[in-house]
Amino acid sequence: VASVFDATDAFLVCLVDAGVPPRLLQTPASPSYSALLLSSVRNLRYVTPGTPRPLAIVAAAEPAHAQAAVRCGRRHGVRVRARSGGHDYEGLSYASLDPRERFAVLDLAALRDVRVDSARAEAWAGSGATLGEVYYAVAAASRVLAFPAGICPTVGVGGHLSGGGFGTLMRRYGLAADNVIDAVLVDADGRLLNRTTMGEDLFWAIRGGGGESFGVVLSWKLRLVRVPETVTVFTVRRSISQSATDLLTKWQAIASALPRDLILRVVVQNQHAQFEALFLGRCSRLLDHMRAHFPDLGVTQPDCEEISWIQSAVYFAFYSSSKPLELLLDRSGETRRYIKAKSDFVQEPIPRHVWESTWSWLEKPEAGLLILDPYGGRMGSISPSATPFPHRKGNLYNMQYYSYWFENGTAALEKRMSWARGLYEQMEPYVSKNPRTGYVNYRDLDLGTNELEDNNNVTSYAKAKIWGEKYFKGNFERLAAVKAMVDPDDFFRNEQSIPPLPAAK
Ligand code: FDA
């Protein structure tokens, strides 16, 4: 068995022989290794001294570099973890739980071209682009085109589209992954494939089956969607003494049935519920809808702001529409923090008494927050098997438990993690069941992690089913069948990658 040094050396030599310039290769001995490793890390939980680090970082500058990383990695026993925006909640794009794993990070940040064809309402986006860069480029090309994806502008296109991707346009246009019409991918043999050459099964799997499992997607062809020149936003905050408990209880029954041009999400934090809306139209019509469906919230004209769609992207990211659009291009984003997130899908309104007791969780000093994103609209009319993302009709909303902190050390870590886990446990009777489902892009290793099959160097399907059916329900088996077809040796592997379906199944 070759030592780590031999494997790293052979891998690096192979890359250079394949034409990757040495300046794009960093090892722990290189002066800029740490800065590059940290460049897009969001979650400080995975940059502790004990976290197993990559033996090299390949900063791909062109598709051939990614192909070389896969080919050389396979040849020399070095796994490749693709990293686009680095936002994985469990650090899977740059850290491993297994100290014995030899892996390199294939950093795609430089592959971030966004080319918009406004006449055809299409765009090609490199995986290394951020959502903010995509939104900015689309809006620069047209005032009436948009792309439906997540709220945080520093999230990477590569991981986000691989896992679904939802944001303020989802009730009108579905997920980001629902609006992908082609892709370029490096497969486990290092070949460059597009939709035609990869075939419809693999193309299905990469649009929601989670990052890493099937290959490295280098770029995505997006279907852009129509938005009016003027949209309306509002944010209204109600405290417990302003009936927040009643409003929240009521919101659950209303939000997924609102007209699909309107999304009304809620952030529940401290002792208040903050209602945030985007309406694809003018304030006067939005107020008509609010009066008809949710008069108790008491939204009035001064709450409304009429702005362009791109300003609404700034508004939701930075809570102000007057900040410069160029903030969407800032890849460094907010201050780094420690993060633990968990998620649920809610299918029946949670009873009022449960919300009543939730406030005591939210007033704890170690409390995080809850983010409630309503479904319905277009999300309810797409078949649960159209893409690997199965959470469509019948889901009222997605609930994210989001805990974050800045203090170092195990005491803070344990308190914050227990907060998220404790509240999640309390909610169990009131959320989806058999299985209790979650959203793969809100990666949560508490749901289970992969193990290898006995006497076989591939991930166990039987064990992976435990977490896999929570993210993908009935689509998990099809994902495993695609994996068996395109990567039977299980080269693309991480703690929650899709295992190959065993032949006997
Ligand atoms: P990252 O680079 O960490 O990759 C995530 C996973 O995909 C890893 O397993 C990685 O190996 C793999 N991967 C990355 N690039 C790949 C590629 N090119 N080909 C194949 N596999 C690849 N979600 C949402 O739906 N709506 C939202 O509003 C938000 N908001 C949000 C805010 C913040 C602050 C965070 C930290 C996260 C979110 N998310 C979200 C979740 C987000 O969608 C999720 O973490 C994405 O996977 C992040 O994609 P990145 O490319 O940034 O991650």
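In each ligand, atom 1 is the first atom listed, and ligand 1 is the first ligand listed.
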Shortest reach to atom 22 (C) of ligand 1 by a heavy atom, considering only S40, A82, A317: A82
For atom NZ of K415, decide whether the heavy atoms of other residues, nucleotides or ligands shown that lie under 6.0 angstrom number more than 12. no
Using 0.5 Å steps for rounding, measure from the CZ atom of F214 to the CG atom of L202. 7.5 Å
Looking only at distances, please establish whether an N/O atom of ligand 1 is found under 3.5 Å from an N/O atom of V216. no
Work out which heavy atom in R83 is nearest to a heavy atom in L37; give both atom names and the distance. NH1-O, 2.7 Å
OH of Y471 to OH of Y442: how many Å apart, nearest 0.5 Å? 12.5 Å
Of G159, G86, G156, A66, which has the heavy atom at the shortest distance from atom 1 (P) of ligand 1? G86
Test salt bridge (charged side-chain N to carboxylate O under 4.0 Å, His left out), reference E90, set R81, R443, K340, output is K340
I need the nearest protein heavy-atom contact for atom 41 (C) of ligand 1: residue, atom name and distance, please. N441 O, 3.4 Å
Taking distance alone, with N or O pairs closer than 3.5 Å, would you say G150 contacts ligand 1? no
Specify the protein heavy atom at minimum distance from atom 5 (C) of ligand 1: its residue, its atom name, and the distance to 0.1 Å. D88 OD2, 3.6 Å
Do ligand 1 and V217 have nitrogen or oxygen atoms that lie under 3.5 Å from each other? yes
Can you label the angle between the Y404 ring and the Y402 ring as parallel, tilted or perpendicular, going by 30° and 60°? tilted
Starting from the C-alpha separation in whole Å, work towards a yes-or-no answer on salt bridge (charged side-chain N to carboxylate O under 4.0 Å, His left out) for D189 and R71. CA-CA 6 Å; D189 294 321; R71 288 197 179 120; over 6 Å; no
OH (Y424) and CH2 (W419) are apart, to the nearest 0.5 Å, by 13.5 Å
Testing the basics here: between P153 and L328, what is the closest heavy-atom pair and its distance to 0.1 Å? CB-CD2, 4.0 Å
Using non-hydrogen atoms of the residue, decide whether G91 is closer than 4.0 angstrom to ligand 1. no
Tell me yes or no: between the side chains of N457 and R493, is some donor less than 3.5 Å from an acceptor? yes
Considering only non-hydrogen protein atoms, determine which one is nearest to atom 25 (O) of ligand 1 and report residue, atom name and distance to 0.1 Å. Y439 OH, 2.6 Å
Could you tell me the separation between the CZ atom of R53 and the CG atom of L55, rounded to the nearest 0.5 Å? 11.0 Å
Record the part of Y442 in heavy-atom contact with ligand 1 below 4.0 Å; permitted values are side chain, backbone, both and neither. side chain
Taking only non-hydrogen atoms of N494 and a 4.0 Å limit, the atoms of ligand 1 in range are 9 (O)
Closest candidate by heavy atom, reference atom 49 (O) of ligand 1, pool E212, R443, H160: H160
Take V431 and R436, measure what side-chain contact (heavy atoms from CB on, under 4.5 Å) needs, and give me the verdict at the end. CA-CA 7 Å; V431 297; R436 182 177 187 177; 3.4 Å; yes
Give the atoms of ligand 1, by number and element, whose distance to some non-hydrogen atom of S127 is under 4.0 Å. 18 (N)
To the nearest 0.5 Å, what is the distance between CZ on R265 and CD1 on I151? 3.5 Å
Relative to the heavy atoms of G165, which atoms of ligand 1 are at a distance of less than 4.0 Å? 25 (O)
I need the nearest protein heavy-atom contact for atom 50 (P) of ligand 1: residue, atom name and distance, please. G85 N, 3.5 Å
Out of F492, Y46, F166, who is nearest to atom 27 (C) of ligand 1 when you count heavy atoms only? F166
For R83, take its heavy atoms, then give the atoms of ligand 1 lying under 4.0 Å from any of them. 2 (O)
Can an N or O of T154 be found at a distance shorter than 3.5 Å from an N or O of ligand 1? no
If you compare G211, C152, G163 by their heavy atoms, the one closest to atom 34 (C) of ligand 1 turns out to be C152
Can you pull out the closest protein heavy atom to atom 28 (O) of ligand 1? Residue, atom name and distance to 0.1 Å, please. I151 N, 2.9 Å
Considering only protein heavy atoms, which is closest to atom 45 (O) of ligand 1, and at what distance to one decimal place? H87 O, 3.3 Å
Report the C-alpha distance between L169 and L278 in whole Å, list the side-chain angles of each, state the deciding distance to 0.1 Å, and finish with yes or no for side-chain contact (heavy atoms from CB on, under 4.5 Å). CA-CA 8 Å; L169 293 176; L278 170 70; 3.9 Å; yes
Show me the donor-acceptor pairs within less than 3.5 Å that the side chains of residues 481-488 make with the rest of the protein, sequence neighbours left out.
unit_1	atom_1	unit_2	atom_2	d
K483	NZ	S213	O	2.7
K483	NZ	D487	OD2	2.7
K483	NZ	F492	O	2.7
D487	OD1	D490	N	3.4
D487	OD1	F491	N	3.0
D487	OD2	F491	N	3.1
D487	OD2	F492	N	2.9

Is ligand 1 under 4.0 Å from a heavy atom in the side chain of Y94, in the backbone, in both, or in neither? neither
Taking heavy atoms and a distance under 4.0 Å, where does I206 meet ligand 1: side chain, backbone, both or neither? neither
Residue-level breakdown please: for S84 versus ligand 1, do any non-hydrogen atoms fall below 4.0 Å on the side chain, on the backbone, on both, or on neither? both
For the rings on F166 and Y375, is their centre-to-centre separation under 6.0 Å? yes
Which bit of L108 gets closer than 4.0 Å to ligand 1, counting heavy atoms only: side chain, backbone, both or neither? side chain
protein heavy-atom neighbour closest to atom 38 (C) of ligand 1 works out as V155 CG2, 3.7 Å
Taking only non-hydrogen atoms of G215 and a 4.0 Å limit, the atoms of ligand 1 in range are 19 (N), 20 (C)
Ligand 1 to S93 polar contact by distance, N or O atoms, under 3.5 Å: yes
